[in-house]
Amino acid sequence: MRHLCLMLIVAVLLAAAGTASAQQIKYGKWEITTKVNMVGMPMDMPPMTHTQCLTKEDLTPRTEQPNEHCTTDYSVDGNTVHFTTKCDTPEGKLEGKGMAIYEGETMKGSLTMVMHGEHEMEMTHDYEGHYLGPCDE
């Protein structure tokens with residue numbers, strides 16, 4: 001009986017810890033600033049800022065442009081989202097791997113993309129974001 005009670009207590013504590021880590025990511029409207037660095041370019045591109053609704057089904061910062069068609073897969077580990085993305089663009093195919101770390105009402109992350117084609121090009125997207133409130137309906 002004592003062993004059963006101990007196992008029950010451990011199970012409750014593990015469930016509570018799992019719930020606490022899952023709640024570290026705030027779902028809602030975020031303002032995200034992206035700075036893109038392209039390897040070999042003489043100057044940096046100016047940062048871009050956009051708002052995005054982050055939900056349990058979509059936790060990855062996006063910078064998708066018109067005429068891009070992207071698919072993204074991700075996994076969540078506590079307050080960290082790891083993701084991979086593949087895009088078809090008029091300039092060629094892009095593949096990338098990134099992560100975003102959510103800490104309360106702030107987020108930081110990065111994505112490294114490689115464009116395949118006649119001239120392979122690598123670019124890094126650095127993200128910073130902050131929570132604005134609930135998503136617009």
Quick one: salt bridge (charged side-chain N to carboxylate O under 4.0 Å, His left out) partners of Lys86, sequence neighbours excluded? none
Answer with yes or no whether the hydrophobic clustering places Met48 together with Ile32; edges join I, L, V, M, F, W, Y residues whose side-chain heavy atoms lie under 4.5 Å apart. yes
Applying the 4.5 Å side-chain criterion to the ILVMFWY set and letting contacts propagate, would Ile101 and Leu59 be lumped into a single cluster? no
Minimum side-chain heavy-atom gap [X]-[Y] below 4.5 Å:
{"X": "His50", "Y": "Gln52", "answer": "yes"}
{"X": "Tyr127", "Y": "Leu111", "answer": "yes"}
{"X": "Lys29", "Y": "Cys53", "answer": "no"}
{"X": "Tyr74", "Y": "Thr85", "answer": "no"}
{"X": "Met99", "Y": "Val81", "answer": "no"}
{"X": "Ile25", "Y": "Met107", "answer": "no"}
{"X": "Met45", "Y": "Val36", "answer": "yes"}
{"X": "Met38", "Y": "Thr124", "answer": "no"}

Would you check, one step at a time, whether the test side chain to side chain contact (heavy atoms under 4.5 Å, CB included) holds for Leu94 with Glu68? CA-CA 10 Å; Leu94 292 167; Glu68 284 186 354; 4.2 Å; yes
Closest non-hydrogen atoms of Met113 and Gly96, given as atom of the first, atom of the second and distance, are SD-CA, 3.7 Å
Nearest atoms (heavy-atom pairs only) where Thr89 meets Gly92: OG1-O, 2.7 Å
Does a side chain donor of either Thr60 or Thr72 reach within less than 3.5 Å of an acceptor in the other side chain? no
Test ring-ring contact (aromatic ring centres under 6.0 Å, His included) on Trp30 and Tyr102; report intermediate values, then the result. CA-CA 11 Å; Trp30 285 75; Tyr102 294 86; 5.4 Å; yes
Hey, what do you get for CD (Glu122) to CE (Met115), rounding to the nearest 0.5 Å? 12.5 Å
Calculate, to the nearest 0.5 Å, the distance between atoms OG1 and CD belonging to Thr49 and Glu128 respectively. 10.0 Å
Among Glu105, His130, Glu103, side-chain hydrogen bond (donor to acceptor under 3.5 Å, both in side chains) partner for Lys26: Glu105
Pairing of Asp126 and Lys35 as salt bridge, 4.0 angstrom limit: no
Between Thr51 and Leu132, does a side chain to side chain contact (heavy atoms under 4.5 Å, CB included) hold up when you go through it step by step? CA-CA 9 Å; Thr51 57; Leu132 298 174; 3.8 Å; yes
